[in-house]
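Data first, discussion second: the structure below is written as structure tokens.
Quantities reported herein were computed from a predicted structural model and do not represent experimental measurements.
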Amino acid sequence: MAKGRKKLEMWQGFLAGSLLSLGIYLLGLLLLTLLMVKGILSEGGSFPAVAVLCGLAALGGGLLTVRLTFWRSGGVLTAVIFLSMLVLAGLSFWEGIDWLGHGGILLLCGLAGGLLAGAAGHKRKRRRK
């Protein structure tokens with residue numbers, strides 16, 4: 001029996017990371033909504049909070065993917081999968097999304113989170129001779 005943990009298939013790592021990103025994002029939106037209803041968070045501060053939340057969700061899912069698959073580019077690809085789910089949801093439920101305004105900024109924040117996940121991800125250990 002080999003030491004360490006069992007290596008997952010590539011698609012399983014991406015699925016786990018994408019679902020974690022989506023879960024973090026949805027739970028964070030629920031928390032932000034609660035803060036707005038209670039009056040703790042103002043309406044003007046809601047968009048920066050959502051942008052930070054989008055970046056953190058992509059970062060969390062990307063880090064999980066990088067840890068599970070040992071592939072540093074997996075963080076960016078997980079962020080792309082997560083953001084494509086957000087785009088599809090946006091196109092399904094709303095008539096028009098301003099991609100050059102707030103929608104584009106959210107996409108950039110998500111991609112930045114994926115890039116950070118790839119940069120801070122798993123570092124390979126060098127073997128000694």
Identify whether [X] and [Y] are in the same connected component of the hydrophobic contact network (ILVMFWY, side-chain heavy atoms under 4.5 Å).
X     : Y      : result
Leu86 : Phe47  : yes
Met85 : Leu15  : no
Leu32 : Leu26  : yes
Ile81 : Leu108 : no
Met10 : Val80  : yes

Gap separating the [atom1] atom of [X] from the [atom2] atom of [Y], nearest 0.5 angstrom:
X      : Y     : atom1 : atom2 : answer
Leu83  : Cys54 : CG    : SG    : 5.5 Å
Ile24  : Leu31 : CD1   : CG    : 13.0 Å
Phe14  : Trp71 : CZ    : CH2   : 4.5 Å
Cys109 : Leu56 : SG    : CG    : 10.0 Å
Phe82  : Leu77 : CZ    : CG    : 15.0 Å
Tyr25  : Leu30 : OH    : CG    : 11.5 Å

Taking Thr65 for the side chain and Gly13 for the main chain, is one N or O donor matched with an acceptor at less than 3.5 Å? yes
Identify the two heavy atoms, one from [X] and one from [Y], that lie closest to each other, and give their separation to 0.1 Å.
X     : Y      : result
Ala58 : Gly110 : CB-O, 3.2 Å
Leu53 : Leu29  : CD2-N, 3.4 Å
Leu41 : Ala49  : CD2-CB, 4.3 Å
Ser46 : Met36  : CB-SD, 3.6 Å
Gly75 : Ala117 : CA-CB, 4.2 Å
Ser21 : Ala57  : OG-O, 2.9 Å

Leu68 versus Gln12: any side-chain heavy-atom pair under 4.5 Å? no
If we only count heavy atoms from C-beta on, is the Val50 to Leu106 side-chain gap below 4.5 Å? yes
Take Leu107 and Leu111, measure what side chain to side chain contact (heavy atoms under 4.5 Å, CB included) needs, and give me the verdict at the end. CA-CA 6 Å; Leu107 293 177; Leu111 285 176; 5.6 Å; no
Where do Val76 and Leu115 land on the side chain to side chain contact (heavy atoms under 4.5 Å, CB included) test, with the steps shown first? CA-CA 5 Å; Val76 177; Leu115 287 172; 3.6 Å; yes
